[in-house]
Structure formats: C-alpha cells, structure tokens
Amino acid sequence: MRHWLLKSEPDCFSIADLARAKKKTTCWDGVRNYQARNFLRAMAVGDRALFYHSSCDPPAVVGTVEVVRAAYPDPSAWDPDDDHHDPRASPENPVWSMVDVRLEAIFPRAVPLDELRGVRALAGLELLRRGSRLSVHPVSAEEFRTIERLARG
DNA sequence: GCCAACGTTGGC
DNA sequence: GCCAACGTTGGC
C-alpha cells in the first residue's frame with residue numbers, strides 16, 4: 001500500500017465538496033501534467049492520500065482519502081467545453097487518466113504549509129521542495145503518519 | 001498582483 | 001538536440 005498527496009484548489013474543489021459528494025467519492029480528473037498522471041497510474045485501490053488545499057489562505061493538508069478505483073481514461077480531456085480540454089485526446093486516445101477517491105477523514109485541525117516546513121521528519125517531503133508544483137506525488141508512510149499526528153493537535 | 005520556478009512549445 | 005519564449009502553478 002502506497003501513500004500519496006493530492007492538491008486541489010478549494011475554490012475549485014474542496015474537501016467539504018468531497019464530503020457532500022455522492023458516496024463521498026469523486027473522480028480526480030483534470031490532471032494535465034505527465035509526471036502527475038504517471039503517479040495517478042501507479043495508484044492502487046486501497047492506497048491512501050493526503051488532501052491538500054492549494055492557492056488559498058492558508059494552504060494546508062486538510063484530510064485523507066482512499067483510492068477506490070485505479071486509473072482509467074479522463075473524459076474531461078476530450079470535452080471541448082472543459083477548462084482542461086486537450087485537443088489531442090479522444091476516447092480512442094485518452095492521453096490523460098484519473099482515479100476515484102473516497103473521503104476517509106477531514107482532519108480535526110488542518111495542518112498549514114507553514115507548520116509542515118518546521119517539522120524535521122518532513123524535510124524530504126516533495127510538497128516542501130523549492131519550486132515544487134506537482135499536484136500528485138508520493139509521500140512516505142512515515143511522512144503520512146507524521147502529518148496525521150500533527151492533525152490531531 | 002507579483003514573481004520564481006518549472007513545463008511545454010516550436011524555430012533552428 | 002538546443003534554447004528562447006511563453007504559459008502555468010502556487011506561495012507570498
């Protein structure tokens with residue numbers, strides 16, 4: 001079982017939106033970066049991920065989700081009305097992938113980016129790497145546990 | 001709104 | 001294959 005981190009802008013899709021979703025489950029569509037896509041494709045059912053709110057104040061890890069469906073074609077890629085439309089994509093050549101995730105927990109206390117930076121055990125966290133923009137990336141089991149512990153306060 | 005960092009595109 | 005120009009991300 002692997003651990004991951006998923007970024008979302010709460011203005012676009014927040015963890016509260018996920019909590020309101022049918023079966024508390026959503027498809028994680030719209031990823032248009034090859035490295036991030038390849039991480040989506042590496043996910044297995046049962047993997048867990050941290051849910052991170054970006055481009056907001058404060059940016060923070062706000063909860064956890066579980067992967068409930070492995071990677072499959074992302075149909076938003078060939079939807080001309082979609083913000084992330086990719087003219088190269090089609091049902092025959094999907095190009096982009098998505099997974100389904102289900103809400104596991106909303107943290108009793110969000111853990112802000114600022115706080116993560118000060119934690120020694122998280123020194124290697126991809127999220128904290130200077131200039132890192134990857135919206136999907138792996139985290140170690142130890143990093144995952146550390147952040148869950150911080151969320152309990 | 002600014003800007004650093006990064007990815008992508010396309011001319012050569 | 002190089003690299004300049006451009007677009008995007010995302011913290012601040």
Side-chain angles (χ1 to χ4, degrees), chain A residues 2-21 26-43 47-67 71-101 103-140 142-153:
Chain A
R2 298 185 68 182
H3 296 82
W4 308 91
L5 183 142
L6 296 170
K7 289 186 192 175
S8 183
E9 300 186 16
D11 286 349
C12 177
F13 188 80
S14 71
I15 200 162
D17 293 326
L18 179 55
R20 281 189 293 268
T26 186
C27 58
W28 203 264
D29 63 356
V31 169
R32 298 292 182 268
N33 169 283
Y34 285 105
Q35 213 180 338
R37 182 203 68 180
N38 293 342
F39 284 137
L40 287 176
R41 290 182 176 177
M43 290 182 183
D47 283 2
R48 299 172 69 204
L50 298 163
F51 196 117
Y52 177 79
H53 279 172
S54 65
S55 293
C56 59
D57 190 24
V61 182
V62 292
T64 60
V65 298
E66 181 183 356
V67 176
Y72 60 108
D74 177 355
S76 71
W78 59 84
D79 176 357
D81 296 327
D82 192 274
D83 284 345
H84 305 290
H85 175 236
D86 181 346
R88 297 168 303 168
S90 67
E92 297 72 35
N93 178 36
V95 187
W96 302 107
S97 299
M98 62 185 186
V99 298
D100 287 356
V101 298
L103 181 65
E104 189 175 65
I106 296 179
F107 285 159
R109 189 182 74 88
V111 187
L113 180 62
D114 201 37
E115 185 177 332
L116 298 176
R117 291 193 193 285
V119 180
R120 208 186 192 107
L122 300 176
L125 191 69
E126 165 68 23
L127 182 73
L128 301 184
R129 228 191 69 238
R130 180 175 155 81
S132 172
R133 298 186 308 178
L134 256 186
S135 64
V136 180
H137 64 75
V139 306
S140 72
E142 290 75 13
E143 290 163 341
F144 195 97
R145 241 196 324 273
T146 298
I147 293 171
E148 279 191 306
R149 200 180 315 121
L150 291 170
R152 286 197 294 270

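Just so it is clear: chains get the letters A, B, ... in the order the sequence lines come, proteins before strands, and each one is counted from 1.
Under the 6.0 Å cut-off for aromatic ring centres, A/Trp96 and A/Tyr72 do not qualify, their centroids lying 6.0 Å or more apart.
Put simply, the residue from A/Val111, A/Ile15, A/Leu5 that forms a side-chain contact (heavy atoms from CB on, under 4.5 Å) with A/Tyr52 is A/Leu5.
Comparing C/dG7, C/dG11, B/dT8 by their closest approach to the side chain of A/Arg133 singles out C/dG7.
Taking atom CZ of residue A/Arg32 and atom C1' of nucleotide B/dG7, one finds them 15 Å apart after rounding to whole Å. Atom-to-atom, NE2 of A/His84 to P of C/dG7 comes out at 18 Å; the value is rounded to the nearest Å. Here C/dT8 presents its P atom at 15 Å from NE2 of A/His85, a figure rounded to the nearest Å. Rounded to an integer number of Å, the gap from CD of A/Gln35 to C1' of C/dT9 is 14 Å. Rounded to whole angstrom, the span from the NE2 atom of A/His53 across to the C1' atom of C/dG11 amounts to 16 Å. Atom pair A/Arg129:CZ and B/dC6:P shows a separation of 6 Å (rounding to whole Å applied). Between A/Asp86 atom CG and C/dG7 atom C1' there is a gap of 15 Å when expressed in whole angstrom units. The distance between atom CG of A/Leu128 and atom C1' of C/dG10, rounded to the nearest whole Å, is 14 Å.
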Give the C-alpha distance, both sets of side-chain angles, the deciding distance and a yes or no for salt bridge (charged side-chain N to carboxylate O under 4.0 Å, His left out) between A/Glu126 and A/Arg129. CA-CA 5 Å; A/Glu126 165 68 23; A/Arg129 228 191 69 238; 2.7 Å; yes
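The phosphate of C/dT9 (OP1 or OP2) has no side-chain N or O of A/Tyr52 nearer than 4.0 angstrom. When the side-chain nitrogen and oxygen atoms of A/Lys7 are compared with OP1 and OP2 of C/dT9, none of them lie within a distance under 4.0 Å.
Within 6.0 Å of atom CG in A/Asn93, more than 12 heavy atoms from other residues, nucleotides or ligands are found, so the atom counts as buried in its surroundings.
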